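Structure first, then comments.
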Amino acid sequence: MPNMPMAQLSILRYPDLRLNTVAKPVAVVDDRLRALAADMLETMYAADGVGLAATQVDQHIQLIVMDTSEQRDQPVVLINPEIIQRSEDMALNEEGCLSVPTVYDKVERHARVTVRALDRDGQPFDMEAEGLGAVCVQHEMDHLLGKVFVEYLSPLKRVRIRTRMLKKTREEQRAA
């Protein structure tokens with residue numbers, strides 16, 4: 001594949017209703033999709049995130065990029081991912097989200113998952129994930145279902161976060 005210039009994409013911010021869109025399966029893995037994945041990785045790294053779903057950049061297809069490695073040098077592309085196995089044991093971890101900047105809270109998720117997906121060349125593969133990897137996969141797959149992690153929190157916390165995000169957006173628009 002020729003070297004394509006990469007670009008940082010705009011990340012939708014909660015409570016943008018486009019974040020609630022359910023993603024459609026990818027029909028064809030082509031250069032356009034690979035370019036989107038590359039742009040998403042660049043955007044994720046620039047924002048200091050560990051995962052990014054296409055939904056967050058207003059592309060409503062089943063595409064996730066992630067890198068939970070210490071050196072941030074092991075990017076993973078998941079096309080049409082599905083969780084095929086979940087551990088019975090659960091883990092409570094603090095989560096954040098690039099669409100909900102500066103907000104962190106605890107969410108309970110399966111401690112280990114196995115995901116089946118296509119890679120950036122359209123080849124099927126299975127990936128086992130635990131720890132941060134398992135959290136990341138489940139968090140990003142929620143985005144593909146139109147769900148943001150704050151929906152796991154109490155109604156009061158959600159209202160406070162929504163108010164804070166709307167205020168931040170207004171302040172940024174006034175400053176621009």
Side-chain angles (χ1 to χ4, degrees), residues 9-29 32-34 36-37 39-41 43-44 47 49-68 75-101 103-120 122 124-162 165-166 169:
L9 306 169
S10 294
I11 298 172
L12 298 178
R13 183 180 290 165
Y14 179 81
D16 191 310
L17 293 176
R18 291 173 289 180
L19 289 168
N20 300 123
T21 305
V22 176
K24 293 181 174 20
V26 171
V28 179
V29 178
R32 190 191 69 73
L33 185 75
R34 284 186 277 277
L36 175 60
D39 290 346
M40 287 173 57
L41 281 163
T43 302
M44 178 194 76
V50 295
L52 187 66
T55 302
Q56 294 176 270
V57 294
D58 205 17
Q59 298 293 314
H60 303 286
I61 57 172
Q62 293 179 12
L63 171 63
I64 293 170
V65 298
M66 56 186 276
D67 186 346
T68 57
V76 176
V77 174
L78 301 169
I79 300 166
N80 297 339
E82 69 174 300
I83 294 177
I84 58 171
Q85 198 168 358
R86 295 170 172 82
S87 65
E88 287 187 27
D89 51 319
M90 305 294 281
L92 190 63
N93 292 288
E94 188 165 86
E95 291 187 29
C97 180
L98 295 177
S99 291
V100 196
V103 173
Y104 300 88
D105 214 314
K106 295 205 178 294
V107 176
E108 186 175 51
R109 297 194 186 268
H110 295 276
R112 287 176 307 288
V113 294
T114 303
V115 180
R116 179 165 292 152
L118 301 177
D119 66 15
R120 68 178 84 206
F125 73 103
D126 289 358
M127 178 180 88
E128 291 185 20
E130 61 183 329
L132 180 58
V135 170
C136 186
V137 164
Q138 293 170 86
H139 176 110
E140 300 309 332
M141 287 186 69
D142 275 353
H143 279 299
L144 300 182
L145 298 172
K147 188 170 186 176
V148 180
F149 92 101
V150 297
E151 293 175 42
Y152 288 99
L153 308 179
S154 72
L156 177 62
K157 282 186 179 180
R158 282 198 309 269
V159 167
R160 287 181 176 161
I161 292 165
R162 184 179 196 284
M165 290 297 113
L166 289 170
T169 299

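Values below: all heavy atoms of this structure, side chains included; hydrogens, waters and symmetry mates excluded. Predicted, not measured: the structure shown is a model, and the values here were computed from it.
Atoms CG and CD1, from Leu98 and Ile11 in turn, are 4.5 Å apart once rounded to the nearest 0.5 Å. Atoms CE and CG, from Met66 and Leu132 in turn, are 7.5 Å apart once rounded to the nearest 0.5 Å. Note that the CG atom of Asn80 and the CG atom of Leu118 stand 5.5 Å from one another [nearest 0.5 Å]. Taking CD of Glu128 as the reference point, atom CD of Gln85 lies at 7.0 Å (rounded to 0.5 Å). The line from CG of Leu33 to CD1 of Ile79 is 4.5 Å long, rounded to the nearest 0.5 Å. Here the straight-line distance linking atom CG of Leu36 with atom CG of Leu63 works out to 5.5 Å at 0.5 Å rounding.
Taking the side-chain hydrogen bond (donor to acceptor under 3.5 Å, both in side chains) definition, one finds that Ser99 meets it with Gln56, sequence neighbours left out. Partners of Thr114 by side-chain hydrogen bond (donor to acceptor under 3.5 Å, both in side chains), not counting sequence neighbours: none found. Considering only residues two or more places apart in sequence or on other chains, Lys24 meets the salt bridge (Lys or Arg N to Asp or Glu O under 4.0 Å) condition with none of them. Glu94 pairs by the side-chain contact (heavy atoms from CB on, under 4.5 Å) definition with Tyr104, Lys106, not counting sequence neighbours. By the side-chain contact (heavy atoms from CB on, under 4.5 Å) test, Ser154 pairs with Leu156, Lys157, sequence neighbours left out. Here Asp67 pairs with Tyr45, Ser69 under the side-chain hydrogen bond (donor to acceptor under 3.5 Å, both in side chains) rule; sequence neighbours left out. Shown here are the salt bridge (Lys or Arg N to Asp or Glu O under 4.0 Å) partners of Arg86, two or more places apart in sequence or in another chain: there are none. Partners of Arg112 by salt bridge (Lys or Arg N to Asp or Glu O under 4.0 Å), not counting sequence neighbours, listed by chain and number: Asp89. For Phe149, the ring pair (Phe, Tyr, Trp, His ring centres under 6.0 Å) criterion is met by His139, not counting sequence neighbours. Checked against salt bridge (Lys or Arg N to Asp or Glu O under 4.0 Å), Asp142 has the following partners two or more places apart in sequence or in another chain: Arg109.
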Take Gln59 and Leu9, measure what side-chain contact (heavy atoms from CB on, under 4.5 Å) needs, and give me the verdict at the end. CA-CA 11 Å; Gln59 298 293 314; Leu9 306 169; over 6 Å; no

Kindly determine whether Leu41 and Met44 satisfy side-chain contact (heavy atoms from CB on, under 4.5 Å), including the steps that lead there. CA-CA 5 Å; Leu41 281 163; Met44 178 194 76; 3.9 Å; yes

The test is side-chain contact (heavy atoms from CB on, under 4.5 Å); show your working for Glu130 and Ser87 and say whether it passes. CA-CA 10 Å; Glu130 61 183 329; Ser87 65; over 6 Å; no

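Under a 3.5 Å cut-off, the side chain of Arg158 and the backbone N or O of Leu153 do form a donor-acceptor pair. Although no hydrogens or angles enter the test, the distance criterion places a donor-acceptor pair under 3.5 Å between the side chain of Gln138 and the main chain of His110. The closest donor-acceptor contact from the side chain of Arg34 to the backbone of Arg120 lies under 3.5 Å.
Taking all atoms of both residues into account, the shortest heavy-atom contact from Ala54 to Met40 is N-CE, 3.3 Å. Residues Val148 and Tyr14 approach most closely at CG1-CD1, 4.1 Å, considering heavy atoms. Listed here is the closest heavy atom pair of Pro81 and Ile64: CG-CD1, 3.8 Å. Residues Gly51 and Cys136 come closest through the heavy atom pair CA-SG, 3.8 Å. Heavy atoms only, all atoms of each residue included: Arg13 and Pro101 are closest at NE-CG, 3.8 Å. Residues Met165 and Pro15 come closest through the heavy atom pair CB-CD, 4.2 Å.
Within the structure, salt bridge (Lys or Arg N to Asp or Glu O under 4.0 Å) pairs that include any residue of residues 52-66 comprise Arg18-Asp58 (at least two apart or interchain). Counting only residues at least two apart or on different chains, no salt bridge (Lys or Arg N to Asp or Glu O under 4.0 Å) pair has a member in residues 147-156.
Thr55 pairs with exactly one of Val22, Leu145, Asn20, Leu144 by the side chain to side chain contact (heavy atoms under 4.5 Å, CB included) rule, that one being Leu144.
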